[in-house]
Structures are given as C-alpha cells and as structure tokens.
Number of protein chains: 2
Amino acid sequence: MTNPRKIFLQLAGLLAFVTFLGCLAAKAAPAGPAANIWEVFQQRRSVRKFRPDAVPEADIKKMIDAARLAPTSGNQQPWRFLVIRDRDKINRMKEACVQKALRQFDSGSDKKTSREQFESSVRNQFSGYFSAPVYIVVLTDNRSPYPDYCHWDGPMAAGYLMLAARALGYGTVFITDSIPDSVTKEVLHIPDTYTRVCITPVGIPVEWPESSPKKALDQFIALEAL
Amino acid sequence: MTNPRKIFLQLAGLLAFVTFLGCLAAKAAPAGPAANIWEVFQQRRSVRKFRPDAVPEADIKKMIDAARLAPTSGNQQPWRFLVIRDRDKINRMKEACVQKALRQFDSGSDKKTSREQFESSVRNQFSGYFSAPVYIVVLTDNRSPYPDYCHWDGPMAAGYLMLAARALGYGTVFITDSIPDSVTKEVLHIPDTYTRVCITPVGIPVEWPESSPKKALDQFIALEAL
C-alpha cells in the first residue's frame, strides 16, 4: 500500500534534485545561436580565445547589416567596417603587438620578470586575441556630416554588431588598448580620415566564459534624483 | 468544364493581389512588442511624439537591466540611469529648452521669422519631445575606475536601452543637443561628477515613423582594405 508521507518525501527529493540540475544548467555558460533579444543580451560575452572555424561571409554581412541600424546623429551613418580575414595581416598585427609590448618592457624600470618570461606571457596572451578567423575594425569617417557626433554613433554600432554576432553564435570582444590604434593603423593602412572605435575578433569561442560579476540592478537606477 | 488557362490567370491575379498586400504591409511601420532580435534591430525608430500612457516600472527596470549588460571596459559598469516621471520636472525641462531657444533667437542677427512665429514653432517642436511619460538620462560616473573609457561604455548602454525599449513596444530617441546638457544639469540637479551620454523619452509612439533613408550595406563594408 502507498504511504502518502513516503510519496511526499520522494516528491520533495525529486524536486530538490531537479532544482539542483537547474542550478547546474544556470551556471553553465550558454552557447550557440539565439534569436530572442533578452537571451542575446544575457548571453553576450567578451571572448578572447577562438576556434579556427571560418565565419561565412553571409554571417559577417548580417552583423554589419544590423550594426548600421544603430541610432545615428542626423542620420549621418558615419561607419565603415573593415573586415580582415587574411591570416598574414592578422599575424602581422599580432607580431606588432608583441614587439610594442617588448619595447614597453625594455624601456620600463620596474621589471618583475625576466624578458624571456615576459615575452612568453605576452605571446600567450596575443595567441588568444589573434586566434579568431575574422577581425572587424569599427571605424567612423571624420568627413561625415557631423564628425563631432561620431563618438556616440560609433560605439552604438559596435554594440549592435556584437549583439548580432552573439545572436549568430559568435564571440567578440570590444578591444581598444590591447590591440593599439597605432598597430591597426600601420598594418591595415587606415588613413587619418577615420577614427577607430574598436577592433573585435569574430569567431566561435573555444568556450563561452562565465559573465563577469555584475553590480546589482538597483545600483544603476536613480528615480527622480541622483 | 474547367479551363486551365482561366485557372492560371486567376491564380496569377491572386498572386499579384497577395504581393500587393505584402508590399502594403512592408510599407506600414511596425508596432508593438517584438522579441526577435533581428526584428528589433529593424523596427527601432527615433520617436519624437508620444501617447501619454504610463510605462510600468517593471518595464523601465527591464530596459535598464538590459542596458547594464553592455560591454564595459575592465567591467567597470560606470552607468547611472536617472529616471524622470514627475510631470513638473518634465515641464520645467521643456520651458528651459524653449527659453534657451528664445535667447538664442534674440541674440542672433539673421532672423527669418518673427519672434512670435519662432516661439510658436519651437513650442510645437518641444511639445512632441516632452510628450512622453518617462525620460531616462543615461549617465556615466566620472569617478568610475577607468573614466577615459566611459565615452565607449556610455553609448553602448544607451544603444542597448533603446533596443530593449523597442522590444517592449516603446519608442525612444537619442537626444543630445535638442535637450541641452545644461538644461538637464540645472533642472534635474545632475552634479559634475557625471557625464551625460544622452537623454531619451520613453513611451508609446503616436505613430511609428518610417525608417530614415539608409545607405546601401556595401557602402559600409571594406573587405581587407579601405
């Protein structure tokens, strides 16, 4: 005969187990394409290590097609997206970054490691950054109608681009200092008529990182007064 | 007896009619909530005239909850979102904008209209801008860890906020000069420790405007070289 108390305990145990599984699933980083905008907001990550799998040109175009729909001052649409897939160019950017870091090391006084150790750690870091099959340099054109407004238009388009990439299942990261402006200018021959917003790798992540710890929502909101 | 040619012609006519209806539907501006990210990218508009319907606080929080997930330098999360629903404050911003425009008119030399005509047109313009039930001032905190990077972090969060608002069925517009920084600073008592990214109304549009004419996708893309 069934014992109601036993059934209750079994159900409670089952519930606890399912909840535990749910927690595990929530902890696991999401992957793959997603079309629901709330999921995409949640699932975008800054990715710094990529699989070499090629990104189809149609996907690159879809990302840029989304990026160009960002808000833009007076509809000026000042953006250019420089797409780099040439491995030789990518490797030259990487080597230029390593050499720049080594020059900084050589001119610095507070050396905590040997030059060899430093070079090894720098090469390792840039191996990740430069492991993607595609790089997109987000630029604004200084000759656009309202160049003083490009500093708003530029990052918004970059933000859209990265959401679109995530929706298609690709990782990105908004890079400024780690791949210096001077390196992209020199290796990719970017003229002074453009301002670089950022450069981002685009590719399938080796793994989707966990989210960085975030402040509580309430810390961002001020109702009626600061 | 059925005449195959007649059936073919009828089907062709039906197809033309359906295509015509499809074109009409495509021309009509989209409205209402949308969760598909590609639709949201396409359907966001700059809206400048709103219905007075209140925006539930849960929706405002959902927008800000999305905005704070934007990429941020060194995870600094430098944002504050000042939410204004107090009609008195909104009207004071509106009047400050009108008075500022009138002072500019008075100090200008090239007057193409009378002061009365100018004031009437300015009041009409600001009636639209200030018709929303909610205003969100997007700010970055100059005391954040990396203030030199806020000019990237700020617009990206604003872009996210506007996408989230559109997903929930609300219109927004990225306002800088039209509601001057000085006006929001003065009326809303924003201290100098913050930098304003923009202010945006949030509300249900009187109508969803057609998209501004956009350049062709290919004009934005540079493959391998500019």
Side-chain angles (χ1 to χ4, degrees), chain A residues 34-38 40-42 44 46 60-61 64-71 73 75 77 79-86 89 139 149 151-160 162-164 167 173-174 176 188-191 194 197-198 212-215 217 220-226, chain B residues 34-38 40-42 44 46 60-61 64-71 73 75 77 79-86 89 139 149 151-160 162-164 167 173-174 176 188-191 194 197-198 212-215 217 220-226:
Chain A
N36 180 289
I37 191 167
W38 307 104
V40 179
F41 284 140
Q42 287 284 347
R44 186 208 56 82
S46 294
I60 296 171
K61 284 195 169 178
I64 297 173
D65 197 29
R68 74 192 180 98
L69 297 174
S73 308
N75 198 34
Q77 309 167 71
W79 311 290
R80 290 300 294 278
F81 300 88
L82 175 57
V83 179
I84 306 294
R85 289 177 293 187
D86 176 355
K89 286 200 193 90
L139 302 161
Y149 296 75
H151 70 98
W152 285 304
D153 293 3
M156 278 194 281
Y160 271 46
M162 288 169 188
L163 286 172
V173 55
F174 190 98
T176 57
L188 307 177
H189 305 298
I190 299 172
Y194 290 96
V197 178
C198 69
S212 305
K214 296 293 173 189
K215 295 187 206 168
L217 174 59
F220 297 100
I221 303 178
L223 290 176
E224 299 298 339
L226 284 162
Chain B
N36 179 289
I37 192 168
W38 307 104
V40 179
F41 284 141
Q42 286 284 347
R44 186 207 58 82
S46 294
I60 297 171
K61 283 195 169 175
I64 297 173
D65 197 29
R68 73 192 181 97
L69 298 174
S73 307
N75 198 34
Q77 310 167 68
W79 312 289
R80 289 301 293 279
F81 300 87
L82 175 57
V83 178
I84 306 294
R85 286 176 295 186
D86 176 355
K89 285 201 194 89
L139 302 160
Y149 295 76
H151 71 98
W152 286 302
D153 292 2
M156 277 193 283
Y160 270 47
M162 288 170 190
L163 285 172
V173 54
F174 190 97
T176 56
L188 308 177
H189 306 297
I190 299 171
Y194 290 95
V197 179
C198 69
S212 305
K214 295 292 174 192
K215 296 187 208 169
L217 174 59
F220 298 100
I221 303 176
L223 291 175
E224 299 300 337
L226 286 163

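The chains referred to below are lettered A, B, ... by the order of the sequence lines, with proteins before strands, and numbering in each begins at 1. No hydrogens, no waters, no symmetry mates; every other heavy atom, side chains included, goes into these values.
By the 4.5 Å heavy-atom criterion applied to side chains, A:Lys61 and B:Ile221 are counted as neighbours. When side chains are defined from C-beta on, A:Lys89 counts as touching B:Glu224, because their heavy atoms get closer than 4.5 Å. Residues A:His189 and B:Leu226 fail the side-chain proximity criterion, which asks for heavy atoms closer than 4.5 Å.
Each of B:Pro213, B:Gly154, B:Ala222 has some count of heavy-atom pairs under 4.5 Å with chain A, and the biggest count is that of B:Ala222. When each of A:Ile190, A:Asn36, A:Leu69, A:Val173 is checked for heavy-atom pairs under 4.5 Å with chain B, A:Leu69 comes out on top. Highest contact tally toward chain B, considering only A:Arg85, A:Lys215, A:His151, is held by A:Lys215 [criterion: heavy-atom pairs under 4.5 Å]. The most heavy-atom pairs under 4.5 Å with chain A, out of B:Phe81, B:Phe174, B:Tyr194, B:Trp152, come from B:Trp152. Per-residue heavy-atom pair counts under 4.5 Å with chain B were compared for A:Ala66, A:Ala164, A:Gly159, A:Ala158, and the maximum is reached by A:Ala164. For chain B, the option among A:Leu163, A:Val197, A:Leu188 with the highest count of heavy-atom pairs below 4.5 Å is A:Leu163. Between chain A and the options B:Ile84, B:Leu217, B:Val40, B:Thr176, the largest number of non-hydrogen pairs under 4.5 Å is found for B:Leu217. Comparing A:Leu139, A:Ile60, A:Ile37 by how many heavy-atom pairs each has under 4.5 Å with chain B, the most go to A:Ile37.
For a residue to count as touching a neighbouring chain, one of its non-hydrogen atoms must lie under 4.5 Å from one of that chain's; by this rule A:Arg80 touches chain B with backbone and side chain alike. Only the side chain of A:Asn75 comes within less than 4.5 Å of a heavy atom in chain B; its backbone stays farther off. Heavy atoms of B:Asp65 lying under 4.5 Å from chain A belong to its backbone as well as its side chain. Proximity to chain B (any heavy atom under 4.5 Å) is restricted, for A:Ala70, to the backbone atoms N, CA, C and O. No part of A:Ala157 comes within reach of chain B, as not one of its non-hydrogen atoms sits under 4.5 angstrom from that chain.
In terms of heavy atoms, A:Met156 sits closest to B:Pro155 at CG-O, 3.1 Å. Minimum heavy-atom separation, B:Leu82 to A:Ala225: CD1-N, 3.6 Å.
When each of A:Phe41, A:Tyr160, A:Phe220 is paired with B:Tyr160, the ring pair (Phe, Tyr, Trp, His ring centres under 6.0 Å) condition holds for A:Phe41 and for no other.
Under the side chain to side chain donor-acceptor pair (under 3.5 Å) criterion, B:Ser46 pairs with no residue at all, not counting sequence neighbours.
Note that CG of B:Leu223 is 12.0 Å distant from CG of A:Asp86, once rounded to the nearest 0.5 Å.
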